[in-house]
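Below is one structure, written out as structure tokens; comments come after it.
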There are 2 protein chains.
Amino acid sequence: MVRRSGRRPGNQDTRTSILEAARAAFAEKGYDKASIRAIAGDAGVDPALVHHYFGTKEKLFLAVMNAPINPGELIPQALEGPREQAGERLIRLAIGVWDSPAGSAALAVFRSALSNEWTARLLREFVVTQILRRAVGEIIEDQAEAPMRSALVATQIAGTMVTRYVLRIEPLAGADPDTIAAAVGPNIQRFLTDPMPEVFKQP
Amino acid sequence: MVRRSGRRPGNQDTRTSILEAARAAFAEKGYDKASIRAIAGDAGVDPALVHHYFGTKEKLFLAVMNAPINPGELIPQALEGPREQAGERLIRLAIGVWDSPAGSAALAVFRSALSNEWTARLLREFVVTQILRRAVGEIIEDQAEAPMRSALVATQIAGTMVTRYVLRIEPLAGADPDTIAAAVGPNIQRFLTDPMPEVFKQP
DNA sequence: CACGGAATTCATCAAGTGTTGAACTCAACG
DNA sequence: CGTTGAGTTCAACACTTGATGAATTCCGTG
């Protein structure tokens, strides 16, 4: 028996509008500079409401991140297809995610990770365990080389994201995805499959 | 005639010790989270003394950055030598700078640039005008392709710095410079000299 | 209708920020 | 000596931040 009475959740838009404002704020300002007061202002609600719904600022950030980032769907896209074009497929996938609405969440966690320690740990673990090990690691043949090769792939992808979406250096910031994929894909491919020095192998 | 009287500068260590503490703090925390009070605490002086010497926090930041970063000396190193190994030379140079004591200043401006707008503008203009145009641009043959090729070089170098020094993803964070140079250099080289799609040319 | 309780608001706290200006110390000059 | 003025300290201002708890609105049920 669930006994209910009193006001029902009725107006649920406010919760999601807070989430939306928070996502935009975190993406634009980063974790620290995005203030709860500003988020509440953008959402048109009282700052105390934010705490009422999400408890603390950290929980709000986690709620924002949990929603759109779901690697379970994306990893298959990265794996299927010929191995010789995996590099181009990876950079296309990354650009696709960052250009999509969910991309603002990615930008948010990325921006935040570079100025805040606990968000940095968050991103590092997410990147290493979810992306590098599960997706990139699958493509690499020699598993002894997988850690180093994965990290190298990360340098090229992360660098492209930083240059295009954070620093916004032209003409890369305004270039279309095809151009970037054609230019960057082969380099990622080399990290994935080309012969590398013996030192790469891990004991 | 210079007329002087009163106490002479005598104790000049405090000024430099403030600078040192500021450099460390900016590198570790970024511009915003590095508080003047904490910097003064680390230097063992009163917070007001910081303002007495440097005026404002922005000026202190600029004073920290101006000292060690002098591209005038580094650019010749990047240019001299065979063009076929320019990529490896560039990544070696970058790693060398970041591993040196001056590297903490680079890390400082980099960390700050990703959370603060005016430091971001600072870094963007520095990278574009001092590094990309003057150094990387010199190596590229077809000047019509120089902007895009320079930006691509920036993606790989910036990505390596982010992965190694900010996110500290292993095994790249602990790898020795030779290994990284051997792995990353050829990819930079491709951005510099290999044939690229026609779309790269700027009107 | 009455009432329980979620939704929402208001006022406020404690902590931390950059910055300022007045005061004090004290070595070097005339 | 006395004056000068840089080195240094102290206290305070004005502001923003995340968070809290009491008070108030108001819908949906019984």
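Proteins come first, then strands; the chains are lettered A, B, ... in the order of their sequence lines, and each starts at number 1. Keep in mind that what you see is a predicted model, and the values were worked out from it rather than measured.
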N/O (side chain, [X]) to phosphate O (OP1/OP2, [N]) under 4.0 Å:
{"X": "A:Thr56", "N": "D:dA19", "answer": "yes"}
{"X": "B:His52", "N": "D:dG7", "answer": "yes"}
{"X": "A:Tyr53", "N": "C:dA6", "answer": "no"}

[X] has an atom [atom1]; how far is it from atom [atom2] of [N], in whole Å?
{"X": "A:Glu58", "N": "D:dT17", "atom1": "CD", "atom2": "P", "answer": "18 Å"}
{"X": "A:Ile18", "N": "C:dA7", "atom1": "CD1", "atom2": "C1'", "answer": "11 Å"}
{"X": "A:Lys33", "N": "C:dG16", "atom1": "NZ", "atom2": "C1'", "answer": "15 Å"}
{"X": "B:Lys29", "N": "C:dT17", "atom1": "NZ", "atom2": "P", "answer": "9 Å"}
{"X": "A:Asp32", "N": "D:dT16", "atom1": "CG", "atom2": "C1'", "answer": "14 Å"}
{"X": "B:Phe54", "N": "C:dT20", "atom1": "CZ", "atom2": "C1'", "answer": "18 Å"}
{"X": "A:Asp46", "N": "D:dA22", "atom1": "CG", "atom2": "P", "answer": "17 Å"}
{"X": "B:His51", "N": "C:dT17", "atom1": "NE2", "atom2": "P", "answer": "12 Å"}

*Contact check, side chains of B:Leu62 and B:Phe54, non-hydrogen atoms, under 4.5 Å*: no

*Counting any heavy atom closer than 4.0 Å, what does A:Ile36 reach on the DNA or RNA strands: base, sugar-phosphate only, or nothing?*
sugar-phosphate

*Contact class for B:Ala40 (heavy atom, under 4.0 Å): base, sugar-phosphate, or nothing?*
nothing

*asked:* Using heavy-atom distances to pick each residue's nearest nucleotide on DNA chain D, tell me which of A:Ala48 and A:Ala34 is more 5'.
replied: A:Ala34

*DNA chain D: A:Gly55 or A:Ser35, which has the more 5' nearest nucleotide?*
A:Ser35

_I'd like to know if the side chain of A:Glu88 and the backbone of A:Gly185 have a donor-acceptor N/O pair within less than 3.5 Å._
no

*For B:Gln143, does the CD atom have more than 12 heavy-atom neighbours from other residues, nucleotides or ligands under 6.0 Å away?*
yes

*Just grab all the side chain to side chain donor-acceptor pair (under 3.5 Å) pairs involving residues 28-37 of chain B, residues at least two apart or on different chains.*
B:Asp32-B:Asn116

*Polar side-chain contact B:Arg37-C:dG18 base: donor and acceptor under 3.5 Å*: yes

*Apply side-chain contact (heavy atoms from CB on, under 4.5 Å) to B:Ala94 and list each qualifying residue two or more places apart in sequence or on a separate chain.*
B:Ile157, B:Met161

